[in-house]
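Heads up: the structure comes next, in structure tokens.
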Amino acid sequence: MPEQPHEPEGAIAATGMGGAMDLATSEGATLEQHPSAASGGRAPGGPQGTGPSEKPRSLWSDAWRDLRRNPVFIISALVILFLVVISLWPSLIASGNPLKCDLAKAQEGSQPGHPFGYDGQGCDVYTRTVYGARTSVTVGVCATLGVALLGSVLGGLAGFFGGFWDSVLSRITDVFFAIPVVLGGLVLLSVVTSNTVWPVIGFMVLLGWPQISRIARGSVITAKQNDYVQAARALGASNSRLLLRHITPNAVAPVIVVATIALGTYISLEATLSYLGVGLKPPTVSWGIDISAASAYIRNAPHMLLWPAGALALTVLAFIMLGDAVRDALDPKLR
């Protein structure tokens with residue numbers, strides 16, 4: 001049998017176009033000794049050819065990466081952090097007593113040591129504005145946690161099991177949606193004599209859970225139809241394991257977004273109810289109470305209304321901006 005003809009010095013590599021590409025002997029030897037050179041310094045399978053490829057990032061890690069690059073999130077988070085700090089330790093920036101008043105200084109303007117002036121009772125507006133943040137943040141955070149917990153549990157269970165209880169919950173939420181929030185507050189809180197924040201928080205939870213419940217229900221219904229949930233069910237996973245390990249982590253993102261935006265709404269609602277006289281009552285320090293008291297002096301002493309109203313508007317805006325930034329980061333359709 002005749003011998004096969006010997007190949008010349010050069011390697012022949014097939015190309016995707018059906019042709020051939022000649023490689024010099026020195027180049028082929030270089031590629032054999034340094035395989036990472038063909039891939040720009042990275043060998044197939046991992047960085048520098050030493051390990052497996054990089055692990056895919058999760059939704060939460062991608063969201064955190066986007067949030068860190070979003071100036072809206074950074075600004076709103078800094079404002080909220082400042083509000084939380086002065087809510088916990090208001091004496092850091094306000095050394096006075098918000099309940100100490102001097103009628104001789106009523107409605108006076110800005111003075112050294114009292115940059116916001118005095119209100120109609122002679123109380124320092126700056127000190128009351130700082131201490132009012134504690135009440136507003138407490139009401140907003142507690143109401144949001146209560147609404148998110150109750151609405152997520154009821155809506156998640158209804159969406160997971162469906163059937164009769166799902167229909168019952170849907171009709172109940174329809175009834176609560178038909179109740180105007182401010183009108184409901186006027187009716188329910190008008191008979192409350194307590195000066196604490198808990199009746200107001202309880203009212204917000206009572207009328208606020210249906211919105212979160214519907215969000216959680218729809219998110220759970222979508223998540224339980226995914227292939228990984230069906231595979232876990234086929235492998236014998238219990239209902240509790242499906243809910244806690246497979247469905248909840250993938251259905252909680254819309255609830256977090258809605259709850260973050262709703263927190264600012266609850267702060268505004270508390271101020272509205274306090275302004276109408278059915279929310280918080282003196283001697284509790286609240287922006288709504290101060291705005292209500294200052295409305296009668298808006299012509300003669302507008303500074304009494306300007307500062308608490310501005311603090312309320314800034315707080316609500318910060319939470320709404322934070323919620324919008326979180327929504328943009330957690331929604332894959334917006335990437």
Side-chain angles (χ1 to χ4, degrees), residues 82-111 113-146 182 184-206 263-264 266-298 300-316:
F82 173 74
L83 291 171
V84 171
V85 170
I86 66 173
S87 298
L88 296 175
W89 302 284
S91 59
L92 292 176
I93 61 174
S95 58
N97 186 351
L99 300 179
K100 183 179 180 180
C101 305
D102 185 1
L103 285 176
K105 299 180 179 179
Q107 302 183 35
E108 291 186 2
S110 176
Q111 298 179 4
H114 305 278
F116 293 176
Y118 296 88
D119 63 7
Q121 300 297 323
C123 302
D124 185 20
V125 176
Y126 171 77
T127 303
R128 290 187 63 86
T129 302
V130 172
Y131 276 82
R134 170 182 292 180
T135 302
S136 296
V137 172
T138 300
V139 171
V141 171
C142 293
T144 301
L145 291 177
V182 177
L186 291 173
V187 174
L188 296 178
L189 296 177
S190 60
V191 298
V192 177
T193 58
S194 175
N195 292 330
T196 64
V197 300
W198 300 112
V200 178
I201 294 174
F203 161 75
M204 293 181 181
V205 173
L206 179 63
L263 200 156
Y266 294 140
I267 293 177
S268 178
L269 178 60
E270 177 273 319
T272 301
L273 295 175
S274 299
Y275 178 86
L276 295 175
V278 296
L280 302 178
K281 302 175 178 62
T284 304
V285 181
S286 168
W287 289 335
I289 295 176
D290 291 347
I291 293 173
S292 177
S295 60
Y297 306 95
I298 189 172
N300 299 329
H303 65 275
M304 295 170 48
L305 177 65
L306 175 63
W307 296 111
L312 174 63
L314 179 63
T315 302
V316 175

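Sequence positions, counted from 1, serve as the residue numbers for this chain. Bear in mind that the values here come from a model prediction, so they are computed numbers and not experimental data.
- Between Ser87 and Val137, the closest heavy-atom pair is OG-CG2, 3.5 Å.
- Here CG of Asn97 is found 8.0 Å from OG1 of Thr127. Values are rounded to the nearest 0.5 Å.
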Run the side-chain hydrogen bond (donor to acceptor under 3.5 Å, both in side chains) check on Ser194 and Thr196 step by step: do they pass? CA-CA 6 Å; Ser194 175; Thr196 64; 2.9 Å; yes

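- Heavy-atom neighbours of Gln121 CD from other residues, nucleotides or ligands within 6.0 Å: at or below the threshold of 12.
- We find the CZ-NZ distance between Arg128 and Lys100 to be 14.5 Å, quoted to the nearest 0.5 Å.
- Listed here is the closest heavy atom pair of Leu189 and Lys281: O-NZ, 4.4 Å.
- Smallest separation of non-hydrogen atoms from Ala106 and Gly120: CB-O, 3.4 Å.
- Ile267 and Leu312 make their closest contact through CG2-CD1, 3.8 Å (heavy atoms, listed as atom of the first residue, atom of the second, distance).
- For the atom pair CZ of Phe82 and CG of Leu92, the computed distance is 9.5 Å after rounding to the nearest 0.5 Å.
- For the pair Pro282/Ile289, a side-chain contact is recorded, criterion being any heavy-atom separation below 4.5 Å from C-beta on.
- Panel note: side chain His303, backbone Tyr118; a donor-acceptor pair is recorded below 3.5 Å.
- The shortest heavy-atom contact between Gly184 and Phe203 is C-CE1, 3.5 Å.
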Would Val285 and Leu99 count as a side chain to side chain contact (heavy atoms under 4.5 Å, CB included) if you check the C-alpha gap in whole Å, the side-chain angles of each, and the deciding distance to 0.1 Å? CA-CA 8 Å; Val285 181; Leu99 300 179; 4.1 Å; yes

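- Under the 4.5 Å side-chain criterion, counting only non-hydrogen atoms from C-beta, Leu88 is not in contact with Arg134.
- Separation of atoms CG (Leu206) and CD1 (Ile201) is listed at 13.5 Å; rounding is to 0.5 Å.
- A donor-acceptor distance shorter than 3.5 angstrom exists from the side chain of Ser190 to the backbone of Leu186, with no hydrogens or angles considered.
- Of all the heavy atoms in Ile86 and Ala133, the pair that sits closest is CD1-CB, 4.0 Å.
- The shortest side-chain heavy-atom distance between Val84 and Val141 does not fall under the 4.5 Å cut-off.
- Between Phe116 and Trp307, the two ring planes are parallel [angle under 30°; tilted spans 30° to 60°].
- Put simply, the side chain of Val200 reaches to within 4.5 Å of the side chain of Met204, judged on heavy atoms.
- Here the NZ atom belonging to Lys105 is positioned 6.0 Å from the CD atom belonging to Gln111, to the nearest 0.5 angstrom.
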Derivation of the side chain to side chain contact (heavy atoms under 4.5 Å, CB included) call for Trp287 and Thr135: CA-CA 8 Å; Trp287 289 335; Thr135 302; over 6 Å; no

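- To the nearest 0.5 Å, the span separating OG on Ser295 from CG on Asp290 amounts to 11.0 Å.
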